[in-house]
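Since the structure comes first, as C-alpha cells, the remarks are kept for the end.
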Amino acid sequence: GAGVSQSPRYKVAKRGQDVALRCDPISGHVSLFWYQQALGQGPEFLTYFQNEAQLDKSGLPSDRFFAERPEGSVSTLKIQRTQQEDSAVYLCASSLNGTPQFFGPGTRLTVL
Amino acid sequence: KQEVTQIPAALSVPEGENLVLNCSFTDSAIYNLQWFRQDPGKGLTSLLLIQSSQREQTSGRLNASLDKSSGRSTLYIAASQPGDSATYLCAVNQAGTALIFGKGTTLSVSS
C-alpha cells in the first residue's frame, strides 16, 4: 500500500475488555514498531519487530500487553483486561531497515 | 537513559514570522535525529531527518540543525503560515531502532 494503515481508527472499550489493534505496514518493510502516545505527551516506544521476530518488547507496560507479527507483515497489538490508564493513541510505524520510520494514523483507544 | 526535551511547549505567532523550535537530548551518542509534524487526531509526518554526521538539513521553508556534541537541535521555520499550525515533535534514534521523543511544541500561527 501507499502508507502504513491502522484499524480501527477509534476504539471504545469498557474496563476489563480485551482489545486488538491492527497495523498494516508498508509493503516490504522489515521493521515494525508500536508506540503509545498519551494525551499531551510524545509517543513512547512499546515494542519492535524485525520480520516476524520480536526483538525488543522492553516498552510494554505490563503483561496485559501482547504484540505479534506471525508472517512478518501485519501486526496486532492486543491489550487484555483494559484499564483506564490504557487510554491513549497507539501508533504503528514501519521501516525498510530501522530508519527512517513511517507512521500510521494511529488508533485512539478510550477505556471507560 | 536518553531524555529529549523540547522548548517551548507552546508558541503563538502572527503569520509571516520566522521562528525557532528547540530540542535537547542528554546522550550525544545518537544515530540520527528526526523532526515530525502531528496534526490533531492524526499520525506523524516526517519533516526532516539529520544523520549524526550531518550539521543541517533543509526542506522548503524548514531548516533543521544538529549540534551532537552539545545535545541540541533546532527547527527553523521561515515566513510562518496558518497551515503550519500543528505540534512539532523531535525524536532521536540511538541504535537504528526505537525512537525517543520529546513532548512536542504546539505551534499556532494566526492570520
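In what follows, chains carry the letters A, B, and so on, assigned in the order in which the sequence lines appear, proteins first and then strands, with residues in each chain numbered from 1.
Under the 4.5 Å side-chain contact rule for hydrophobic residues, B:Tyr76 and B:Leu47 do not share a cluster. If you chain together hydrophobic residues whose side chains sit under 4.5 Å apart, B:Phe36 and B:Leu75 never meet in one group. Grouping the Ile, Leu, Val, Met, Phe, Trp and Tyr side chains by contacts below 4.5 angstrom, directly or via other members, places A:Phe65 apart from A:Phe33. Both B:Leu48 and B:Leu19 are part of a single hydrophobic cluster, where members link through side-chain heavy atoms under 4.5 Å apart. In the hydrophobic clustering of ILVMFWY residues, with side-chain heavy atoms under 4.5 Å counting as a link, A:Leu60 and B:Ile100 come out apart.
Within 6.0 Å of CD in A:Glu85 there are more than 12 heavy atoms belonging to other residues, nucleotides or ligands. In the displayed structure, A:Glu44 atom CD is contacted under 6.0 Å by at most 12 heavy atoms of other residues, nucleotides or ligands. Dense packing is recorded around CZ of B:Arg37, with more than 12 heavy atoms of other residues, nucleotides or ligands lying under 6.0 Å away. The neighbour count for A:Arg9 CZ, taken as heavy atoms of other residues, nucleotides or ligands under 6.0 Å away, is above 12. In the displayed structure, A:Lys57 atom NZ is contacted under 6.0 Å by at most 12 heavy atoms of other residues, nucleotides or ligands. In this structure, B:Arg55 places its CZ atom where only 12 or fewer heavy-atom neighbours from other residues, nucleotides or ligands lie under 6.0 Å away.
Of the atoms belonging to B:Leu99, heavy atoms from both backbone and side chain fall under 4.5 Å from chain A. No part of B:Gln6 comes within reach of chain A, as not one of its non-hydrogen atoms sits under 4.5 angstrom from that chain. For A:Gln37, the part sitting under 4.5 Å from any heavy atom of chain B is the side chain, from C-beta outward, and nothing else. Neither the backbone nor the side chain of A:Phe102 comes within less than 4.5 Å of any heavy atom of chain B. With a 4.5 Å cut-off on non-hydrogen atoms, B:Leu49 touches chain A through its side chain but not through its backbone.
The CG atom of B:Asn32 lies 4.0 Å from the OG1 atom of A:Thr99; values are rounded to the nearest 0.5 Å.
For the residue pair B:Gln34 / A:Gln101, no side-chain donor-acceptor distance below 3.5 Å is found, with atom types taken as modelled. Neither side chain, A:Asp56 nor B:Thr97, offers a donor N or O lying under 3.5 Å from an acceptor on the other.
Against chain B, the residues from residues 103-112 of chain A that qualify, each with a non-hydrogen atom under 4.5 angstrom away, are A:Phe103, A:Gly104, A:Pro105, A:Arg108 in number order.
Taking every heavy atom of both residues into account, A:Pro43 and B:Leu89 meet most closely at CD-CD1, 4.1 Å.
Between B:Phe101 and A:Phe45, a ring centre-to-centre spacing not shorter than 6.0 Å is recorded.
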